[in-house]
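Okay, so here's the structure we're looking at.
Numbering of ligands and ligand atoms starts at 1, following listing order.
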Amino acid sequence: MKINSDRLWETHLAAATMTEAGSPYTRRSFTPQYREMRSWLTDAFAQTGLEVKTDAAGNLLGIYRGRTEKNVGVGSHTDTVPCGGRFDGISGVLSFLEAARCMKENGYVPQKNIVGIDFLAEEPSEFRLSCIGSRLATGNFNENMLQLKHRQTGELLSAAIQDWGGDISLLAPGHSLFDATKFDGFLELHIEQGPVLEKKQLDVGLVTGICSVTRYDFTVKGRADHAGNTPMNLRSDAVVAAAKLINGISEIARGTLSKGPYFTATVGKVDVFPNGSNVIAEQVDFTLDIRCETNQLVDETLQDIFALAADTAGKTATTISHVKISQSQPSISSERLLSVLEKNAIELNLQYTRMLSGAGHDAAYMSTVMPMAMIFIPCRKGRSHTASEYSAKHQIAKGANLLLQSLIELTSSD
Ligand code: GLV
Ligand code: MN
Ligand code: MN
């Protein structure tokens, strides 16, 4: 059985049309464009003969019924970052859809149900949280998270979950919506979002583990004054303080290169108030995003960053505060699932390597309740989270065929 690569490519093009006009490809979670995508996917799942439902966490499920109560999960996400790409997350959901279409066309009846999942809001949302659907569905949250407010509208995350078809009364910290005794495992196909596969001219990466994601919000408070009449030695400039601190964070992160474990620190979201060219900034808010193989190194590095923040505040006559938004644990893939992927990659004559994921994925949360493994496919120049993100039709097709064949192996016996 082989997937139809033209059809899989066409669904990518169709999904790409559901974007904010003027800033392709932007389909942020909880927006009209995201609703349009969900409605398109609901129809596509139903037309394929899948049972469609939304779980209590707002994840959209397309269930390919099998003969028993056992299940295998598969999926990814369809929201994007601002001005993101056409493949991040989307290729995983659409590869499942294509695999399901192909299995139906070939009359395949699995022993286990194949539960395809479009996870709600994987990217950092206006609620300041990422992986909302997979976090909530696997019980990896605390009550405060449900009280987070939408940056623009002030809506509570709990209300948004209800609005997107969820049911917060069925969610609880530590409680998984997936009955682990009935799930054999979870697979996610995703673009690599880095340069390794392309550089090594490989077809797929088999993901051995996923780095943890740690996020802190920083607030730098200075004093708004006139840009012309305030002498340089009498300023309390929040932009200058933030710039020093952000540069210092980057230096600290570079310093970890010699320590062994993979580590990144990024400040990609910065808000300046009041943001006027002739006004000394009163306040700068920014978010620090850290990825690492081990949270021990994260904790050590954070101590250096906090010390630098205190020092910078002293030297710039500002105050700097920080609050933890979230921290996940690094996850390790299932060796059993990795060997299923490896065996099928060999059978399909694919060139592959085992590799770590620096990016976060819904699969990381799924790994807290069931065995997990991921398939990476190459993307051009390793670019991602940008409109120039690109994987070729044949590259996606190779990964999707590996997904299809592995799903069949995992579900053809009970
Ligand atoms: C997902 O896009 C991430 O931020 O790793
Ligand atoms: Mn992403
Ligand atoms: Mn993604």
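- Taking CD1 of Ile210 as the reference point, atom OG of Ser367 lies at 6.5 Å (rounded to 0.5 Å).
- Using cut-offs of 30° and 60° on the angle between ring planes, the pair Trp9 and Tyr390 is perpendicular.
- Under 3.5 Å, the side chains of Gln193 and Asp88 contain a donor-acceptor pair of N or O atoms.
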For this session: Apply the test side chain to side chain contact (heavy atoms under 4.5 Å, CB included) to residues Met366 and Phe178: give CA-CA distance (whole Å), side-chain angles for both, the deciding distance (0.1 Å), then the verdict.
Result: CA-CA 9 Å; Met366 293 302 276; Phe178 304 103; 3.6 Å; yes

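- Partners of Lys324 under the salt bridge (charged side-chain N to carboxylate O under 4.0 Å, His left out) rule, at least two apart in sequence or in another chain, do not exist in this structure.
- Under the 30°/60° scheme for interplanar angles, the aromatic rings of Tyr34 and Trp164 are found to be tilted.
- The N, O or S atom of His385 lying closest to the Mn ion (ligand 2) is NE2.
- Note on the Mn ion (ligand 3): protein N/O/S atoms under 2.8 Å are His77 NE2, Asp88 OD1, His190 NE2.
- Between the side chains of Asp414 and Thr68, not a single donor N or O lies within less than 3.5 Å of an accepting N or O.
- Separation of the Phe45 and Phe96 ring centroids falls under the 6.0 Å cut-off.
- Residue pairs meeting the side-chain hydrogen bond (donor to acceptor under 3.5 Å, both in side chains) criterion with at least one member in residues 369-383, sequence neighbours excluded, are Arg383-Ser388.
- For Asn344 and Glu409, the side-chain atoms include at least one donor-acceptor pair closer than 3.5 Å.
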Which pairs of nitrogen or oxygen atoms, taken one from ligand 1 and one from the protein, are under 3.5 angstrom apart?
from: ligand 1; atom 1: 2 (O); to: Glu123; atom 2: OE1; distance (Å): 3.0
from: ligand 1; atom 1: 2 (O); to: His385; atom 2: NE2; distance (Å): 3.0
from: ligand 1; atom 1: 4 (O); to: Arg291; atom 2: NH2; distance (Å): 2.7
from: ligand 1; atom 1: 5 (O); to: Arg291; atom 2: NH1; distance (Å): 2.6
from: ligand 1; atom 1: 5 (O); to: Arg291; atom 2: NH2; distance (Å): 3.3
from: ligand 1; atom 1: 5 (O); to: Gly360; atom 2: N; distance (Å): 2.7

